[in-house]
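All residue numbers refer to positions in the sequence shown, counting from 1.
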Amino acid sequence: MPAQPEAYVAIEAASSPAFARDGATLFHLRGSSLPQLWALDLATGQDRQLTDHDEKIAFIRRAPGDDRLIYGIDAGGDERQQLWLYDNHTTRPLTADPRVIHDFGAWSPDGTHIAYAANDRDESHFDLMIRPLAGEGAAARFHEGTNQLSVAGYSPDGRRLAVVLDHAFEQQTLVLLDVIGGGHHEIAPAQHARFASVRWASDGNGLLCLTDAGGRDFLALCRLDPDHGAATPLYAPDGRDVEAYSV
């Protein structure tokens, strides 16, 4: 007897784990067709559902210093993602324009702002937006981009943002934006290079990333000098890409 498709749709899965600040709770996405936000008590095994939207949640990102969560929802899989905030058992939308794609980037280190990319100015181009989370503050357009733009993260002191600009296939620029003064510095000018999983080192004096900059044929794990863009390989196996790493 052939299996009915409903049986496969009903299979649940869990993903996107994120520990609470105290390490006692594990936030995660769970569900079959419409994953929602859940919290699991690691000591007792008790769990509770935190959201009940009629659309699936795509990701969660916990705040640096507390248990607030940013999560994303689109409409019917249209990829025009809206950003929501979960804070102390309440939820509220941070963006609410169904015509616009909002690509989450990073929390500020002090948890007061978020940075993300959005194409509200021109659907063909993404800009860098910075939004305060206190009150009903509006998002500020911090940098107007061309084509695709993605936010890699804030420096540990919160003064700079690392942003990857896409120009064409395998042609990207890595830029540091001064959050305070508004200036910018290209630490890896446009070239036939890729930059993936860009993260600040904990000392703030460099960035870690996967890149083939410098004429490499494969992605290597490198440390980038934020002033001069020099890439120092940390792990570069022969004939293979490094696909992921964890700090």
Side-chain angles (χ1 to χ4, degrees), residues 58-59 61 70 72 79-81 83 95 97 99-109 113-131 139-201 204-233 241-245 247:
F59 72 90
R61 298 288 189 276
I70 296 290
E79 298 185 359
R80 298 183 183 277
Q81 194 161 247
L83 303 179
T95 64
D97 190 337
R99 302 167 300 173
V100 176
I101 298 172
H102 303 88
D103 183 17
F104 182 73
W107 286 86
S108 64
H113 293 71
I114 59 171
Y116 59 91
N119 64 339
D120 60 318
R121 176 179 57 87
D122 184 327
E123 67 177 2
S124 301
H125 304 288
F126 284 80
D127 298 339
L128 171 61
M129 312 295 288
I130 296 180
R131 189 193 191 284
R141 196 178 313 279
F142 192 76
H143 177 79
E144 291 190 0
T146 302
N147 302 322
Q148 186 72 29
L149 173 155
S150 58
V151 181
Y154 280 88
S155 59
D157 61 8
R159 298 181 61 88
R160 293 180 290 180
L161 268 167
V163 176
V164 178
L165 310 180
D166 277 287
H167 305 286
F169 179 68
E170 295 187 354
Q171 185 175 356
Q172 298 176 319
T173 303
L174 185 56
V175 176
L176 299 186
L177 300 176
D178 187 340
V179 176
I180 306 301
H184 72 279
H185 171 55
E186 294 184 359
I187 67 170
Q191 54 182 307
H192 289 287
R194 295 171 288 168
F195 298 93
S197 301
V198 179
R199 303 168 190 170
W200 286 89
N205 294 324
L207 299 103
L208 304 174
C209 74
L210 304 179
T211 182
D212 56 4
R216 296 182 179 84
D217 294 325
F218 297 92
L219 293 175
L221 173 59
C222 295
R223 182 183 177 102
L224 295 178
D225 183 312
D227 296 318
H228 308 291
T232 301
D241 284 326
V242 180
E243 295 184 349
Y245 70 97
V247 177

J.: What heavy-atom pair brings A106 and G153 nearest, and what distance separates the two atoms?
T.: CB-CA, 3.8 Å
J.: Contact between R159 and V179 at the side-chain level, heavy atoms closer than 4.5 Å - yes or no?
T.: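 Sidechains of V179 and R159: no contact.
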J.: For residues 174-185, which residue pairs pass the salt bridge (Lys or Arg N to Asp or Glu O under 4.0 Å) check, not counting sequence neighbours?
T.: none
J.: Between P233 and C222, which heavy-atom pair has the shortest distance, and what is it?
T.: CA-SG, 3.8 Å
J.: Which residues satisfy the side chain to side chain donor-acceptor pair (under 3.5 Å) test with S108, sequence neighbours excluded?
T.: D110
J.: Applying side chain to side chain donor-acceptor pair (under 3.5 Å), which residue pairs with at least one partner in residues 216-228 are found, sequence neighbours left out?
T.: D203-R223
J.: Taking only residues two or more places apart in sequence or in another chain, which ones pass salt bridge (charged side-chain N to carboxylate O under 4.0 Å, His left out) with D122?
T.: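 Checked D122 against salt bridge (charged side-chain N to carboxylate O under 4.0 Å, His left out); zero matches.
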J.: Kindly say whether Q81 contributes a backbone atom to a donor-acceptor pair with the side chain of H102 at under 3.5 angstrom?
T.: yes
J.: Once side chain to side chain donor-acceptor pair (under 3.5 Å) is applied, do any residues pair with S150, and if so which ones, sequence neighbours excluded?
T.: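 Scan of S150 (side chain to side chain donor-acceptor pair (under 3.5 Å), adjacent residues dropped) gives none.
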J.: Checking side chain to side chain donor-acceptor pair (under 3.5 Å) between H167 and each of T146, T173, N147, which is the one that passes?
T.: T173
J.: To the nearest 0.5 Å, what is the distance between NE2 on H113 and CZ on F142?
T.: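 Atom-to-atom, H113:NE2 and F142:CZ are 11.0 Å apart.
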J.: For the residue pair A117 and V151, what are the closest heavy atoms and their distance?
T.: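 Looks like N-CG2, 4.3 Å.
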J.: Just so I know, are the side chains of V198 and V164 near enough to count as touching, which here means a heavy-atom distance under 4.5 Å?
T.: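 Result yes, sub-4.5 Å side-chain heavy-atom pair found.
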J.: Could you state the interatomic distance from CD (E144) to CG (L149), rounded to the nearest 0.5 Å?
T.: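 Between atom CD of E144 and atom CG of L149 there are 11.5 Å.
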J.: Report the residues that fulfil side chain to side chain donor-acceptor pair (under 3.5 Å) with D157, sequence neighbours left out, ordered by chain and then residue number.
T.: S155
J.: Kindly write out the residues that satisfy side-chain contact (heavy atoms from CB on, under 4.5 Å) with P226, not counting sequence neighbours, or none if the list is empty.
T.: R160, L176, L207
J.: Would you compute the distance between atom CG of D103 and atom CG of L83 and round it to the nearest 0.5 angstrom?
T.: 8.5 Å
J.: How long is the gap from CG on N119 to CE on M129, to the nearest 0.5 Å?
T.: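 Nearest 0.5 Å value for the CG-CE distance: 10.5 Å.
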J.: If the condition is side chain to side chain donor-acceptor pair (under 3.5 Å), which residues does R121 pass it with, not counting sequence neighbours?
T.: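 Listed in chain order: D127.
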J.: When you look at L128 and V163, which way does the side chain to side chain contact (heavy atoms under 4.5 Å, CB included) test go after all the steps?
T.: CA-CA 9 Å; L128 171 61; V163 176; 4.1 Å; yes
J.: Under the salt bridge (charged side-chain N to carboxylate O under 4.0 Å, His left out) rule, collect the residues that match up with D120, sequence neighbours excluded.
T.: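 D120 satisfies salt bridge (charged side-chain N to carboxylate O under 4.0 Å, His left out) with R141 only.
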J.: Calculate, to the nearest 0.5 Å, the distance between atoms OG1 and CZ belonging to T211 and F195 respectively.
T.: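 So the OG1 of T211 and the CZ of F195 are separated by 4.0 Å.
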J.: Y245: which residues meet the side-chain contact (heavy atoms from CB on, under 4.5 Å) condition with it, sequence neighbours left out?
T.: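 Per chain and number, Y245 pairs via side-chain contact (heavy atoms from CB on, under 4.5 Å) with S197, R199, L208, L210, L221, V247.
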J.: Holding to side-chain contact (heavy atoms from CB on, under 4.5 Å), I want the full list of residues that pass it with D166, two or more places apart in sequence or in another chain.
T.: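 For D166, the residues satisfying side-chain contact (heavy atoms from CB on, under 4.5 Å) (neighbours in sequence not counted) are Q148, Q172.
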J.: Tell me the closest heavy-atom pair linking A213 and A193, and the distance in Å.
T.: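 Shortest heavy-atom contact: CA-CB, 3.9 Å.
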J.: As an exercise, state the distance from CD1 of I70 to CD1 of I114, rounded to the nearest 0.5 Å.
T.: 4.5 Å
J.: Going by ring-ring contact (aromatic ring centres under 6.0 Å, His included), name the residues that satisfy it together with F59, two or more places apart in sequence or in a different chain.
T.: F104
